[in-house]
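Accompanying notes for the structure given below.
Note on naming: letters A, B, ... go to the chains in the order of the sequence lines (proteins, then strands), and numbering restarts at 1 for each one.
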Number of protein chains: 2
Amino acid sequence: MITHAMEDYLKAIYLLQKGEEKVSTTAIAEQMNVSAPSVTGMIRKLTTMGLIDHTSYQGVQLTEGGKKVAKEVLRHHRLLELYLVEIMGFTWDKVHDEADKLEHVISEEFEEKMSDALGHPTTDPHGHAIPAKDGAVKEVSYETLAEVEPGSFATVEQVNDNNPEMLRYLDNLEIVPGALVQVVAKEPFNGPLHLKIDQAEHFIGLEVAHNVFVEVSEKEAN
Amino acid sequence: MITHAMEDYLKAIYLLQKGEEKVSTTAIAEQMNVSAPSVTGMIRKLTTMGLIDHTSYQGVQLTEGGKKVAKEVLRHHRLLELYLVEIMGFTWDKVHDEADKLEHVISEEFEEKMSDALGHPTTDPHGHAIPAKDGAVKEVSYETLAEVEPGSFATVEQVNDNNPEMLRYLDNLEIVPGALVQVVAKEPFNGPLHLKIDQAEHFIGLEVAHNVFVEVSEKEAN
DNA sequence: TTTGAAATTTAGGGCTGACTAAATCTAAAT
DNA sequence: ATTTAGATTTAGTCAGCCCTAAATTTCAAA
């Protein structure tokens, strides 16, 4: 039996893994806001169940089975986020927490009805890919806005969705997936990012810029 | 902290109580499919929390606080059922189980959005009253179809929603809230109920008829 | 009034998933 | 090669909610 807690761990591990690297106990503990011993305990259980591989003191990796479960949960989560925004009229800062609770309890039919109503979408309101029913995901890794060189134009692709306050802030500035942003400068020194968005000029902190993922269009346009 | 399990117990007690009568441990245990000792344990906890009053060996009653919680859960449940049917396109036999899981995790805003989308309805797909935000409920108690005297016409008002198979059966026969049913006879002896519904004639078992609640219109019409 | 069946509670345990404190392992720096 | 800081695991608890078996209470029938 896979419990809600197990689903949460598998999802966290899925989101933390980059390529073939093992995911550490501490990283999972931080992501989930639990203690390291709690993670060790769950790791033992998930390993026994064949959902992860564990090398003592080295970290864990999802097995194919574990990856399948994680993607199903993530599909629920991201479909829910989009459904809440598009169909129910939630603002995008509220949907992460709501989806975190709902993702574990909705039926496959509920998932299907949402997907139908939304026209089988592939990205959620924050620009994250929605895994397909068969597990296919187009996981792209983008640059962060903080890394973009001054003078460049960049299209916003993704925004981290775990901080409601930041999401409201970004929404005000129209820094949302699809928006075109011009990075004017980092000033005075690695300082606030000077941006031009749709004529308006803004300064945003570097920490915030680290949560915005972009595709650079051109180094110098007009 | 009120847990999901506590909410389930309060809801069960609310549904079992008729008038001022105390609700027995056994009744709760049967309704919830748990053992009697489990109920006793939870009763102790809910009593400590001031959500129910308990007299040893006599049964329990909801306090005002307990009633408030129960009605909020029930409002969630019945709004969800209607939302799933009307907005998402579920069939009415599936929505009870789905709502049983969702009712504990949706936010107040989710509840509000559903209510808005549905035009602030007062009854769910099975004809049960949806408690208002302020706790107001028009709980009417109807006759069961099994009690209606042959020769009478009756309007279906409510149907028990806990048996999906029965709901599919009733739906086929068009025995749904709002339908007008003529009771032709009970034959041969207290036997299957002989009904006429919209020209068509049907025979339904007495156990099924006990789950259909009606308002008798006239003893003899036409 | 006694007795017995049914209802209820008490006693004792199991499982999950969290915690802190303490022990152990790893890996990097001296 | 040794030290040491940080990461990880082990050990021991606790709370929530379930269970069975046994004890107790209630209530109605004899």
(message) We want to know whether A:E108 and A:H76 form a side-chain donor-acceptor pair, criterion being a heavy-atom distance below 3.5 angstrom.
(response)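 Distance-only check passes for A:E108 and A:H76.
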(message) Please give me the minimum heavy-atom distance between B:A70 and B:L10, naming the atom from each residue.
(response)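 Between these two residues, the closest heavy atoms are CB-O, 3.6 Å.
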(request) For B:Q17 and B:K67, work out which heavy atoms get closest and say how close. (result)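 Of all heavy-atom pairs spanning B:Q17 and B:K67, the closest is NE2-CE, 4.4 Å.
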Nearest whole Å is fine: how far is [N] [atom2] from [X] [atom1]?
X: B:K22; N: D:dC27; atom1: NZ; atom2: C1'; answer: 17 Å
X: B:M1; N: D:dG16; atom1: CE; atom2: P; answer: 11 Å
X: A:R44; N: D:dT9; atom1: CZ; atom2: P; answer: 10 Å
X: B:M49; N: D:dA15; atom1: CE; atom2: P; answer: 15 Å
X: A:Q58; N: D:dA7; atom1: CD; atom2: C1'; answer: 11 Å
X: B:Y57; N: C:dT8; atom1: OH; atom2: C1'; answer: 5 Å
X: A:I52; N: D:dT8; atom1: CD1; atom2: P; answer: 13 Å

Could you list all N or O pairs between the protein and nucleotides 15-19 of chain C that sit under 3.5 Å apart?
unit_1 : atom_1 : unit_2 : atom_2 : d
C:dG17 : OP1    : A:T3   : OG1    : 2.4
C:dG17 : OP2    : A:K45  : NZ     : 3.0
C:dA18 : OP2    : A:Y9   : OH     : 3.0
C:dC19 : OP2    : A:S35  : N      : 2.8
C:dC19 : OP2    : A:S35  : OG     : 2.8
C:dC19 : OP2    : A:S38  : OG     : 2.5

(request) Report yes if the distance between the aromatic ring centroids of A:H128 and A:H77 is under 6.0 Å, otherwise no. (result)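 Ring centres of A:H77 and A:H128 not closer than 6.0 Å.
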(message) With rounding to the nearest 0.5 angstrom, report the CG to OG1 distance, B:L46 to B:T63.
(response)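 Going from the CG atom of B:L46 to the OG1 atom of B:T63 covers 9.5 Å.
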(message) Return the CZ to CD distance between B:F90 and B:E98, rounded to the nearest 0.5 Å.
(response)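 The CZ atom of B:F90 sits 4.5 Å away from the CD atom of B:E98.
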(request) Verify the contact: side-chain N or O of A:T25 to OP1 or OP2 of D:dT9, cut-off strictly under 4.0 Å; return yes or no. (result)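 True: A:T25 side-chain N/O within range (under 4.0 Å) of D:dT9 OP1/OP2.
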(request) Would you indicate, yes or no, if D:dG6 has its OP1 or OP2 atom less than 4.0 angstrom from a side-chain nitrogen or oxygen of A:T26? (result)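 It does not, given that no N or O in the side chain of A:T26 lies less than 4.0 Å from OP1 or OP2 of D:dG6.
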